[in-house]
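Sequence positions, counted from 1, serve as the residue numbers for this chain.
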Amino acid sequence: MSEPSTITDPADPRLADYTGLTDVELRRRREPAEGLFIAEGEKVIRRALAAGYRMRSMLLTAKWLDVMADVIAEADAPVHVVEPALAEAVTGYHVHRGALASMERRPLPDAAELLAGARRVAVFEDIVDHANMGAAFRNAAALGVDVIFLTPRCADPLYRRSVKVSMGAVFQVSWTRLEAWPKDIEILRSAGFTVAALCLSDQAITLDELASRNDEKLALIFGTEGTGLAATTLASVDEHVRIPMDAGVDSLNVAAASAVAFYATRPRRELVQ
């Protein structure tokens with residue numbers, strides 16, 4: 001058990017992991033480099049711990065001591081107790097959930113190894129919005145996606161905003177970053193996956209047509225709503241796929257599109273061994 005200690009100085013070095021949480025560019029550089037991420041709120045902290053992430057420290061306001069008592073009892077990391085005003089001074093915002101934890105990152109797994117036993121894979125290309133990233137992970141966890149691949153420019157799924165929007169689903173779905181995109185599409189193809197790109201191409205089949213095939217192994221690639229997928233990506237896939245829409249709407253935000261596509265192409269029962 002880690003005995004909680006009260007901190008009254010916002011410059012205390014023990015609070016260094018929590019400084020400037022609203023500075024997105026700083027945190028995007030700092031957190032991966034230092035091997036940490038921030039879990040915000042009771043549920044997210046518990047889900048991170050349940051997923052096997054190791055806690056570096058926890059920052060609580062006093063009213064959360066009882067709520068987190070069991071976590072504190074099992075913690076092998078320092079627990080810092082602060083007043084709400086001090087938490088705001090350190091983090092840069094009002095921590096209304098009253099509980100933060102600094103967690104250790106784990107090394108990213110090998111892409112090919114993640115595909116063992118997988119049937120549904122999502123690939124996100126250059127998705128830089130953290131909220132969209134978190135929502136996409138939550139969709140994937142809820143709708144049967146086994147693995148997520150991110151291209152090099154994608155936002156960090158373990159950034160505080162992504163984790164919060166995903167409600168901790170970023171801890172449930174196996175994921176890694178690809179290093180050579182779109183060359184790494186061959187990793188999917190060599191593992192037996194049909195690779196389909198969601199796009200507005202003239203040669204696209206409908207999502208209904210793709211879903212009716214019930215491919216044994218299927219990888220869906222999503223790009224940004226504005227620019228879509230790169231031409232080199234579109235030239236490298238097996239299928240172009242569009243979601244039929246009405247009212248003159250030609251595209252959906254990536255989180256919405258992924259939810260529709262994941263549900264439509266989920267594996268049918270007859271293929272389950």
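- The stretch residues 222-249 participates, sequence neighbours left out, in these ring pair (Phe, Tyr, Trp, His ring centres under 6.0 Å) pairs: Phe124-Phe222, Phe222-Phe262.
- Ring geometry for Phe37 against Phe171 counts as tilted: the plane angle lies between 30° and 60°, on a 0 to 90° scale.
- A donor-acceptor contact closer than 3.5 angstrom links the side chains of Glu209 and Thr206.
- Rounded to the nearest 0.5 angstrom, Tyr18 OH and Met58 CE are separated by 8.0 Å.
- Residue pairs satisfying the salt bridge (charged side-chain N to carboxylate O under 4.0 Å, His left out) criterion with at least one member in residues 238-248, sequence neighbours excluded, are listed as follows: Arg189-Asp238, Arg213-Glu239.
- Other cluster members for Leu234: Leu114, Leu115, Val121, Val123, Val147, Phe149, Leu178, Trp181, Ile185, Ile187, Leu188, Phe193, Val195, Ile221, Leu229, Val237, joined by side-chain heavy-atom distances under 4.5 Å among Ile, Leu, Val, Met, Phe, Trp and Tyr.
- The side-chain heavy atoms of Thr91 and Thr22, taken from C-beta on, include no pair separated by under 4.5 Å.
- To the nearest 0.5 Å, the span separating CD on Glu40 from NZ on Lys164 amounts to 4.5 Å.
- Sorted by first and then second residue, the salt bridge (charged side-chain N to carboxylate O under 4.0 Å, His left out) pairs with a member in residues 48-57 read Asp17-Arg56, Arg54-Glu104; sequence neighbours excluded.
- For residues 62-73, the pairs satisfying salt bridge (charged side-chain N to carboxylate O under 4.0 Å, His left out) are Arg46-Asp70, with sequence neighbours left out.
- There is no side-chain donor-acceptor pair under 3.5 Å between Thr233 and Ser236.
- With rounding to the nearest 0.5 angstrom, the CZ atom of Arg14 is 5.0 Å from the OG atom of Ser5.
- For residues 132-157, the salt bridge (charged side-chain N to carboxylate O under 4.0 Å, His left out) pairs, not counting sequence neighbours, are Arg105-Asp156, Asp126-Arg153.
- Figure legend: Arg28 and Tyr159 shown without cation-pi pairing, the cationic atom not lying both under 6.0 angstrom from the six-membered ring centre and within 45 degrees of its axis.
- Annotation: the span from Ile7 atom CD1 to Leu15 atom CG amounts to 4.0 Å, rounded to 0.5 Å.
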